[in-house]
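Input: a single structure, listed below in structure tokens.
Not measured: the values here are computed from a predicted model. To find a chain, count down the sequence lines: A is the first, B the second, and so on, and within it residues start at 1.
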2 protein chains.
Amino acid sequence: MVRKTKFETAQTRLQIIAAAREVFAERGVSRTTLAQIAKAAGVTRGAIYWHFKNKPDLFFAMLEQVSLPFIDRIDETLPEENPGDPLRGVQASMSEVLRLLKEDMVARTTFEIVVLKCEYVDEFASLDIRVNKTGCAFVQKMIGAYSDAKKRGLLREGIDPAQCALDSYIFIKGIIQLWLSDTDGSLIRGKAQSLIDAHIAMRYK
Amino acid sequence: MVRKTKFETAQTRLQIIAAAREVFAERGVSRTTLAQIAKAAGVTRGAIYWHFKNKPDLFFAMLEQVSLPFIDRIDETLPEENPGDPLRGVQASMSEVLRLLKEDMVARTTFEIVVLKCEYVDEFASLDIRVNKTGCAFVQKMIGAYSDAKKRGLLREGIDPAQCALDSYIFIKGIIQLWLSDTDGSLIRGKAQSLIDAHIAMRYK
DNA sequence: CGCAATATACATTCGTGAATGTTTGTATAT
DNA sequence: ATATACAAACATTCACGAATGTATATTGCG
């Protein structure tokens with residue numbers, strides 16, 4: 001019972017990735033064995049070694065599946081809605097991150113792995129660079145938005161757009177980190193949205 | 001050549017902890033073996049098993065060595081200097097965190113391990129709770145400071161002290177995280193202090 | 001105050017399990 | 001007919017914990 005059709009092959013590949021994500025989140029990346037992933041996916045290690053070179057290769061494939069759409073979502077939400085008010089765009093993209101955390105279980109689990117269940121070392125050290133790269137892009141876009149807001153006279157006096165954007169990036173990274181580690185929800189799970197609103201409100205004139 | 005004096009025994013214990021911190025930061029917690037730590041400390045695994053039950057035990061001992069003095073530093077810097085202006089106290093404690101990151105290599109390395117080189121899983125899952133606990137205490141103290149500032153009429157209108165404190169906590173956690181992952185220093189290493197200043201400045205009336 | 005007796009502080013060795021990567025086998029889509 | 005998509009089996013490495021060995025600091029006792 002081997003040699004599946006192309007569609008089935010793609011399916012098992014997706015199954016392996018999905019299983020890897022679950023086990024990574026549960027056991028941590030370094031402690032999960034390929035045998036555990038295989039069992040969760042309903043295959044053997046042979047299947048994994050067929051589709052992926054090794055664990056890091058599978059890990060980054062799992063990541064890519066989420067990070068690419070994620071960047072797109074940010075790009076979409078930032079300039080959209082309220083074209084006259086760039087601050088609303090920043091707020092919207094922050095809220096979108098929060099929405100993903102809340103509603104998109106695949107995205108949430110992936111974030112959880114990246115923030116809490118992975119060591120940035122050896123073959124995974126490049127993850128650092130990857131995260132920072134998308135971060136820089138986000139900062140650049142927010143600089144544009146804040147500069148635009150300043151031109152339109154919406155921004156408070158004495159605020160430097162570049163510094164303000166960096167502050168917002170730090171803020172949203174902090175939100176993600178705290179939201180994920182606040183497992184019982186007492187700290188910020190319910191307050192995150194109003195924190196974002198307050199963060200933006202402080203920037204208005 | 002065994003059975004050292006009490007002083008020497010304490011020394012080797014400290015050596016093991018120091019070596020553990022270095023190797024943890026270099027290889028990540030899960031990938032470092034006790035043999036590597038032993039080699040770095042100039043002892044054998046036997047010595048480690050004498051002083052510590054196992055790797056998690058050694059890990060938490062290493063952590064305790066830093067976290068206890070750290071909490072004390074926060075408690076000291078927050079209410080100190082400028083007793084008439086609580087906002088300066090918050091600023092001072094944030095700057096102190098930054099100073100530790102910059103100057104105290106032991107603290108920096110320990111932070112680096114906790115943020116980037118450790119998976120919050122199994123025996124290390126409780127690390128999460130521990131971090132959150134000191135975090136909550138910090139938030140509580142800042143709520144006190146911001147409430148005090150409000151009473152004195154220093155705080156901007158419409159700012160809720162509790163929300164403001166949580167925002168500051170998120171901010172400082174974001175600073176730490178980004179500062180540590182910004183290894184080449186291009187992103188925030190030089191700008192962190194002015195970001196803190198701006199963060200506080202935004203809270204003044 | 002001196003001398004066993006014993007606890008201490010490790011080093012060394014050993015057995016075991018477990019994860020990895022590879023190789024081989026095989027049934028089936030193309 | 002052949003390359004594909006795995007499963008199954010194998011060999012190797014390696015980390016852990018425990019057991020054992022041992023030399024020396026302490027300590028109790030006469």
_Presence of His51(B) side-chain N/O under 4.0 Å of dC10(C) phosphate oxygens OP1/OP2_ = yes
*Starting from P on dG21(C), measure out to NZ on Lys55(A) and report it in whole angstrom.*
9 Å
*Which part of the nucleic acid, if any, lies within contact of Thr33(A), taking any heavy atom under 4.0 Å across all strands shown: a base, the sugar-phosphate backbone alone, or nothing?*
sugar-phosphate
*Let me know the distance between CZ of Phe7(A) and C1' of dC6(D), rounded to the nearest Å.*
18 Å
*Applying a 3.5 Å limit to both distances, which nucleotide forms a Watson-Crick or G-U wobble pair with dT26(C)?*
dA5(D)
*Within this structure, what is the NZ-to-P distance between Lys6(B) and dT8(C), rounded to whole angstrom?*
10 Å
*If you find the nucleotide of DNA chain D closest to Arg45(B) and the one closest to Gly46(A), which residue's nucleotide is nearer the 5' end?*
Gly46(A)
*Side chain of Lys55(B), backbone of Val29(B): donor and acceptor closer than 3.5 Å?*
yes
_Intermediate values then yes/no, ring-ring contact (aromatic ring centres under 6.0 Å, His included), Phe52(B) and Phe60(B)_ = CA-CA 10 Å; Phe52(B) 307 95; Phe60(B) 283 108; over 10 Å; no
*Given dA7(D), dT30(C), dA11(C), the nucleotide with the shortest approach to the side chain of Thr44(B)*: dA11(C)
*Between dA11(D) atom P and Tyr49(A) atom OH, what is the distance in whole Å?*
17 Å
*Whole Å only: how far is the CG atom of Leu58(B) from the P atom of dG17(D)?*
12 Å
*Would you call Asp167(A) and Arg203(A) a salt bridge, using N to O less than 4.0 angstrom?*
yes
*Choose from dT20(C), dA7(D), dC10(C) the nucleotide whose nearest atom is closest to any side-chain atom of Val43(A).*
dA7(D)
*Send over the distance from Gln11(B) CD to dC10(C) P, rounded to a whole Å.*
11 Å
_Leu34(A) side-chain proximity, nearest of dA11(C), dC16(D), dG21(C)_ = dG21(C)
*Does a donor on one side chain and an acceptor on the other come within less than 3.5 Å for Arg21(B) and Thr110(B)?*
yes
*Of all the choices, dT20(C), dA9(C), dT30(C), which nucleotide is nearest to the side chain of Thr5(A) once you look at every atom?*
dT30(C)
*In whole angstrom, give the distance that lies between atom CD of Glu8(B) and atom P of dT24(D).*
12 Å
*For dC6(D), take OP1 and OP2 only and decide whether either is under 4.0 Å from a side-chain N or O of Thr12(A).*
yes
*Between Ser30(B) and Ser30(A), does any side-chain donor sit less than 3.5 Å from a side-chain acceptor?*
yes
*Using whole Å, report how far CG of Leu14(A) lies from P of dA5(D).*
14 Å
*Phosphate OP1/OP2 of dC6(D) contacted by Trp50(A) side-chain N/O (<4.0 Å)*: no
*Do any side-chain nitrogens or oxygens of Thr9(B) fall under 4.0 Å of OP1 or OP2 in dA9(C)?*
yes
*Map Arg13(B) and Lys53(A) onto DNA chain C by nearest heavy atom, then report which one ends up closer to the 5' terminus.*
Arg13(B)
